[in-house]
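First the structure, in the form of structure tokens, and then the observations on it.
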Amino acid sequence: MKTLWRFKENVISVRGLVLSGPLSPLLLQHLRCCSGAVIQWQNERVPIKCSDLLDEFTTYCYARDLPRAMSALNALQIQKIWADAVTYSELIKCCLARGAVEQGKRVHQHVFSNGYEPKTFLVNTLMNMYVKFNMLDEAQALFDQMSDRNVVSWTTMIAAYSSAKINNKALEFLILMMRDGVRPNMFTFSSVLRACDDLSNLRQLHCSLLKVGLESDVFVRSALIDVYSKMGQLKCAMCTFNEMVTGDLVVWNSIIGGFAQNSDGDEALTLFKRMKRAGFSADQSTLTSALRACTSLALLEVGRQVHVHVLKFKRDLILDNALLDMYCKCGNLEDAHQIFSQMVEKDVISWSTMIIGYAQNGFSRKALELFKEMKVSGIRPNYITVLGVLFACSHAGLVEDGQYYFHSMKKLFGIDPGREHYGCMVDLLGRSGKLDEAVKLIHEMECEPDAVTWRTLLGACRVHRNMDLAEYAAKQIIKLDPSDAGTYILLSNIYARTQKWEDVMDLRRSMKERGVKKEPGCSWIEVNKQIHAFIMGDNSHPQKEEINKELNQIIWRLKEVGYVPDTNFVLQDLEDEQMEDSLLYHSEKIAVAFGVLSLSREKTIRIRKNLRICGDCHLFVKLLAQIERRSIVIRDPIRYHHFQDGICSCGDYW
DNA sequence: GTAGGGTTAG
């Protein structure tokens with residue numbers, strides 16, 4: 001064995017006083033100057049014992065002193081000494097925490113260098129290190145050469161493939177593991193569940209884990225809730241949640257997030273309140289989902305309340321993005337921009353959210369200006385960002401800009417145009433009256449046009465009153481989406497106008513056969529943090545008389561300034577019975593009247609609708625905003641309408 | 001003593 005030496009520590013004597021320890025040259029010089037001290041050097045060489053080396057290595061590993069632990073490891077290697085597995089696992093943890101890949105590999109090499117396979121526990125730790133470093137091949141190689149794999153070895157690989165979204169591998173490993181006689185535990189299930197992208201597989205796994213009684217584990221439960229939600233199986237997610245005796249914050253977050261992501265904001269907010277009543281404090285993830293719920297319901301005031309909770313936490317990019325989106329989708333661009341400008345860190349989602357926010361709310365120029373700023377900032381636009389840019393171009397009628405970005409998106413940003421990009425271009429061409437070019441583009445699409453693409457063309461036909469093309473587009477829509485009641489009605493109106501009575505009858509018959517019904521129009525308005533819903537033909541609101549009186553007064557005032565109900569409904573999806581009288585009682589008109597009644601003039605009236613706004617309501621609100629000198633925002637399922645000073649941000653095109 | 005969780009833009 002080679003002998004290693006080290007120097008004893010410096011010992012100095014200053015006027016009889018002995019100081020020892022690793023004294024710095026600076027201190028020595030100081031002592032010499034100020035005291036004229038006699039410095040005795042005792043640089044005696046002493047041999048190092050094996051046990052000292054091991055002690056030293058162990059101490060540095062547990063102290064998480066990576067540089068010293070690594071030089072001690074070199075000494076061990078020279079001396080051909082091996083420490084115990086737990087000490088190495090401490091060192092590996094230290095490498096992981098510091099992202100020290102090279103050092104980690106060195107430890108790997110060392111523990112295998114005595115010719116024996118290290119303990120399973122230690123190989124598992126090394127495997128996990130490679131997984132966390134995203135070095136799946138290295139982890140797999142270690143796994144392959146293991147002679148004794150336990151449940152942790154298998155679960156480590158399953159979790160690795162599951163989080164890398166190599167789902168088939170994760171599921172395959174579960175089968176191989178069981179064939180090998182190793183029983184999966186709660187760790188295994190919580191990982192493999194997330195690799196499930198098929199409902200029947202998920203049900204099978206759910207049954208298996210119920211059989212072995214693992215359903216009460218919070219990790220398993222949150223995985224089940226999460227995966228059921230991602231598959232849109234909210235009932236199953238809720239059942240899993242409700243069977244809980246105890247749970248934790250993440251389980252609550254999973255179920256709240258599940259509803260928020262499936263556009264059931266009401267249920268998400270109800271659960272959010274229930275969670276707080278159950279004594280849990282919201283964290284960033286809870287608040288992000290709560291904001292998403294407010295966003296889908298356009299609840300500005302509730303969103304503001306959530307914002308107050310957000311301020312308790314340190315800055316969080318995802319949460320800031322959610323907050324930004326909430327203000328955009330509630331039509332409050334001033335607050336959205338304030339959040340955006342105060343964000344210390346912005347990613348592609350922050351920029352896209354703000355660009356799309358401006359574009360959807362009709363502020364196209366601002367959206368395009370921001371896009372230029374984004375490029376200067378160095379953040380690379382993605383598929384969705386470009387979509388926002390094209391959307392902005394189509395809304396401002398910027399045909400040339402739109403065509404430029406569309407044709408150069410591949411070259412400039414490396415993004416192939418997708419169906420939605422084509423949709424924006426159809427909208428852009430259609431809006432500017434170039435209907436033939438729009439149809440040509442649809443036929444040139446590299447991907448198949450869907451119902452949304454044709455609905456976009458139909459929108460253009462409505463504005464430019466092209467009945468022939470509208471008929472063609474409507475037929476395509478019904479082919480692709482036979483449940484679209486609005487389009488049936490619109491097509492039937494076209495047939496009626498052109499006196500194709502047989503076609504009208506055929507269409508009505510097929511609607512009946514398919515059970516297609518148009519859902520009733522519904523508008524929501526938030527007053528004093530309360531949501532008021534108005535459904536067409538529903539008179540159940542406690543203030544109905546007051547509201548009707550207000551609405552009639554508004555109509556009277558509007559008629560005085562020249563308002564005539566727009567009964568040209570051929571290219572709208574309104575039926576006969578929705579005409580004239582009932583036209584005056586569309587849900588958004590009632591909601592607006594309630595807004596005028598309940599909110600002071602300086603407050604913006606914000607309404608969310610389930611159906612597209614009809615031409616008459618659009619005109620009604622535009623005039624009302626003008627004579628009342630107030631700002632009104634209506635969000636329909638596709639667009640935003642900001643009414644102010646007699647004009648609408650949509651430019652009368654929707 | 002080693003393995004497992006929830007959140008953002010169309």
Side-chain angles (χ1 to χ4, degrees), chain A residues 84-90 92-93 96 118-129 131-132 139 150-160 162-163 170 184-195 214 217-227 229-230 247-258 260-261 268 282-293 295 310 316-326 328-329 346-357 359-360 381-391 418-421 423-424 452 638:
Chain A
D84 68 301
V86 180
T87 309
Y88 289 125
S89 83
E90 287 301 316
I92 294 165
K93 273 188 220 164
L96 249 181
K119 283 182 177 173
T120 303
F121 149 72
L122 183 55
V123 184
N124 288 345
T125 309
L126 276 169
M127 242 161 56
N128 178 53
M129 174 191 79
V131 170
K132 296 290 150 49
N150 63 13
V151 60
V152 180
S153 328
W154 285 98
T155 303
T156 302
M157 289 315 294
I158 290 173
S162 181
S163 63
N185 63 14
M186 60 271 260
F187 286 81
T188 325
F189 275 110
S190 69
S191 298
V192 79
L193 278 169
R194 292 182 187 282
L214 292 173
D217 182 81
V218 283
F219 285 76
V220 170
R221 199 171 281 274
S222 61
L224 275 171
I225 294 171
D226 195 40
V227 181
S229 305
K230 293 218 160 57
D248 70 357
L249 181 62
V250 179
V251 176
W252 278 100
N253 286 348
S254 301
I255 192 74
I256 295 171
Q261 284 157 41
D283 69 359
Q284 283 101 321
S285 172
T286 333
L287 296 177
T288 304
S289 294
L291 283 170
R292 185 162 169 159
T295 305
V310 171
D316 178 286
L317 180 61
I318 297 178
L319 193 46
D320 277 349
N321 285 344
L323 201 53
L324 179 63
D325 193 40
M326 185 275 292
C328 286
K329 297 287 192 304
K346 296 183 188 97
D347 65 0
V348 64
I349 298 185
S350 330
W351 286 95
S352 307
T353 306
M354 195 68 237
I355 290 170
I356 292 162
Q360 284 182 326
N382 65 13
Y383 187 96
I384 298 171
T385 325
V386 179
L387 207 54
V389 171
L390 295 180
F391 193 88
R419 190 181 285 132
E420 295 102 323
H421 297 103
C424 281
V452 179
I638 311 277

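Sequence lines set the chain letters: A, B, ... in the order given, protein chains first and strands last, and positions in each chain run from 1. Keep in mind it's a predicted model, so treat the numbers as computed, not measured.
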Practice prompt. Would you state whether a donor and an acceptor, one from the side chain of Asp217(A) and one from the base of dG4(B), lie under 3.5 Å apart?
Written response: yes
Discussion item. Using the salt bridge (Lys or Arg N to Asp or Glu O under 4.0 Å) criterion, which residues pair with Lys119(A)? Sequence neighbours excluded.
Written reply: none
Worksheet item: Counting only side-chain N and O atoms of Lys132(A), is one of them less than 4.0 Å from OP1 or OP2 of dG4(B)?
Response: yes
Practice prompt. Using whole Å, report how far CH2 of Trp351(A) lies from P of dA9(B).
Written response: 19 Å
Worksheet item: Taking only side-chain nitrogens and oxygens of Lys230(A), does any of them come within less than 4.0 Å of OP1 or OP2 of dT7(B)?
Response: yes
Worksheet item: Can you find a side chain N or O atom of Lys346(A) that sits less than 4.0 Å from OP1 or OP2 on dA9(B)?
Response: no
Item to complete: For Leu126(A) and dA3(B), give me the distance from atom CG to atom P, rounded to whole Å.
Response: 12 Å
Worksheet, complete the sentence: Taken to the nearest whole Å, OH/Tyr88(A) to P/dG1(B) is 19 Å
Worksheet item: Just how far, in rounded Å, is C1' of dG5(B) from CZ of Phe187(A)?
Response: 12 Å
Worksheet entry | Side-chain N or O of Asn128(A) closer than 4.0 Å to phosphate OP1/OP2 of dA3(B) | yes
Worksheet item: Which atom names give the shortest non-hydrogen contact between Leu319(A) and Asp316(A), and what distance separates them?
Response: N-OD1, 2.8 Å
Item to complete: Give a yes/no on whether any side-chain N or O of Arg292(A) is located under 4.0 angstrom from OP1 or OP2 of dT8(B).
Response: yes
Worksheet, complete the sentence: From the candidates dG4(B), dA9(B), dT8(B), the one with an atom nearest any side-chain atom of Ala322(A) is dT8(B)
Item to complete: State which of dT2(B), dG1(B), dT8(B) makes the closest approach to the side chain of Asp347(A).
Response: dT8(B)
Item to complete: Could you work out which one of dG10(B), dA3(B), dG5(B) sits closest to the side chain of Ile356(A)?
Response: dG10(B)
Response to the item:
Here the distance between atom C1' of dG10(B) and atom CZ of Arg419(A), to the nearest Å, is 13 Å
Worksheet entry | Spacing between Gln261(A) atom CD and dG5(B) atom C1', to the nearest angstrom | 14 Å
Worksheet item: Between the base of dG4(B) and the side chain of Asn185(A), is there a donor-acceptor distance below 3.5 Å?
Response: no
Worksheet entry | ring-ring contact (aromatic ring centres under 6.0 Å, His included) partners for Tyr88(A), two or more places apart | Phe57(A), His110(A)
Discussion item. Does Ser191(A) contact dG4(B) through a side-chain donor or acceptor facing the base, at a distance under 3.5 Å?
Written reply: no
